[in-house]
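As structure tokens, the structure follows; a few thoughts come after it.
Letters go in sequence order (proteins before strands), and every chain restarts at 1.
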Amino acid sequence: MSPPVITRFAPSPTGFLHIGGARTALFNWLFAKANGGDMLLRIEDTDRERSSDDAVAAILDGLNWLGLDWTGEAYSQYARADRHREIALELLDAGQAYRCYCSPQELAQMRETARAEGRSVRYDGTWRDRDAGDAPKDITPVVRFRAPQHGETVVDDQIQGRVIYKDRDLDDLIILRSDGSPTYNLSVVVDDHDMGVTHVIRGVDHLTNAARQSQIYSAMGWTVPVMAHIPLIHGPDGAKLSKRHGALGVDAYRAMGYLPEAMRNYLARLGWSHGDEEVFSTEQMIEWFGLEAIGKSPARFDFAKLENLNGLYIRKMSDEILANALFEFLPYSELPDDDQHKLKQRRQQLERALPVLKARAKTLIELVNSAHFLVATRPIVPDEKATLILQDGGEVLGALVDALEEIDDWTTPSIEAVIKAHAETNQTKLGKVAQPLRAALTGTTVSPGIFDVLAVLGKVESLDRIRDQLK
RNA sequence: GCCCCCAUCGUCUAGUGGCCUAGGACGCCGGCCUCUCACGCCGGAAACAGGGGUUCGAGUCCCCUUGGGGGCGCCA
């Protein structure tokens, strides 16, 4: 029996959880779920200078919002530094690592020279076989891994295929800094091994690391986990998506009014596919997900498609669930607090309006905006276009008020019947009546069908709003 | 500079030698519906980067070119 699948998402807490990281987390999560396994969360915080608690909080918040859960605690890699050091020393004792006394300046010089001479830029192995007696007294050494020099290191990747690196192109990486702290490549190997990680799914920018890490696995006699390096996500212009270039934190997507389930669906389709399927539930995603269906080429992030998908999700959600989502979104919206409060108090009215509001919103922001007329304070101040309409055709409202006043059964069909009859009697087009009505009731020229607006608003409020505009 | 990877409509992709006159989705254009805006429905334009091979037969396999991306830290 093969061991249970264990994946891990291992972000470094140097900033928010950006879209690429979110997709990596999603793929790890999907793969674990699809195989009845677990996803671990490990914060790669060995660089104390750059790590921050705020970033950790932002990452956890982002994962939670996306609905991606993990098994156990959120591990801190830094907390395991002693263990990493222990392995480094083991490697040192076994002759698989050695002390290097080059100063940072010397190393910089080395790189510069190599680049100038057109050679590959790497550590030249100065201290690889040098006698410890030559060690300068004023330099605290780092510990370097003694990498193989003349063979090949193969990364058998589930997505990239069999990638072969010549050992002469990979240098002896530092595994312990001069202050004795372990570095990334060592820590990752030790942690993945200790935590029983069976599948490493991460961005292809780690592919070279996979080769170097494989060498460490071999030196320790450990089994290399299954590797799967996914292509990166590019910005709309095809350039690499980075924090200073188009990449946003997932919290920004939340603030833009996207639903987590739509986000998951969209992200899953970036790089992964299941035939012609475009819209699928998270359950289906889990059922269908597999590494073999992930492509090798990078994808561009396309807001238009995300937005379309988000609209689709909004439309097919039940009114109750959508209302919940809307209320959860409110704190991140720009709706004034008292309007937020009013909207929550009028949940029933909101849910009645949702069926006709849904079709008109692609994001929760649009939904909030379109629902705003429900909580608008009288007298409503019409916007520019609505003001014009009221000036040009507002006089039809006077006669209409009386007709509406007669309605006892205040429902969409009854209202529709009365208004249509009224229009016919007065030999005017429905539009000539509907637009001024809309302007008076919502203060705008865009809204759901006018009969629905009247119905949802209620007789008293509707008539009051119309009369407000007659004065 | 060196190493590695990638390449189908504008974008995401299906396609694993004949089923491709290259399919779907978003976007775009046109139409229908219509009280506004949407939704929905119908239709349309739109791609195998270029060049060589291999083969009876290449989007699919190989090579080169071009273009793009990633890596080359006492960062992760």
Have A:Q215 and A:R212 got a donor and an acceptor in their side chains that come within less than 3.5 Å?
no

Report task. Taking atom P in both B:rG23 and B:rC48, compute the distance separating them and give it to the nearest angstrom. Result -> 13 Å

Residues in residues 449-456 of chain A with a heavy atom under 4.0 Å of RNA chain B, by number, are A:G449, A:I450, A:F451

* Could you verify whether a donor N or O on one side chain and an acceptor N or O on the other, from A:Q77 and A:S187, lie under 3.5 Å apart? => no

Ordered by number, residues from residues 414-428 of chain A within less than 4.0 Å of RNA chain B (heavy atoms) are none

Whole-angstrom distance between B:rU60 and B:rA14, as gauged at atom C1'
13 Å

When A:Y165 and A:E278 are each assigned the nearest nucleotide of RNA chain B, the 5'-most assignment goes to A:Y165

Determine whether A:T46 and A:S181 make a side-chain contact, defined as any pair of heavy atoms from C-beta on separated by less than 4.5 Å.
no

message: On the six-membered ring of A:Y123, is A:R144 placed so that its NZ or CZ lies under 6.0 angstrom from the centre and within 45° of the ring axis?
response: yes

Are the ring centres of A:Y98 and A:W127 closer than 6.0 Å? no

If you measure from the C1' atom in B:rG10 to the same atom in B:rG51, how many Å do you get, rounded? 26 Å

Review point. Is A:S273 near enough to B:rA14 that one of its side-chain N or O atoms lies under 4.0 angstrom from OP1 or OP2?
Key: yes

Legend entry - Cation-pi geometry met for A:K305 and A:F303 (6.0 Å, 45°): no

field: A:R168 and A:H150: side chain donor to acceptor below 3.5 Å
entry: no

Considering only heavy side-chain atoms of A:R269, the closest of B:rG24, B:rC6, B:rC74 is B:rG24

Could you tell me if A:R264 and A:T282 have a donor-acceptor pair between their side chains, going purely by distance under 3.5 Å?
yes

* Asked: Quantified in whole Å, what is the C1' atom distance between nucleotide B:rC20 and nucleotide B:rG59?
  -> 9 Å

What about the rings of A:H199 and A:F27, do their centers lie closer together than 6.0 Å? no

Of A:N308 and A:R50, the one whose nearest nucleotide on RNA chain B sits closer to the 5' end is A:N308

Take atom C1' in B:rC74 and the same atom in B:rG70, then report the distance between them in whole Å. 23 Å

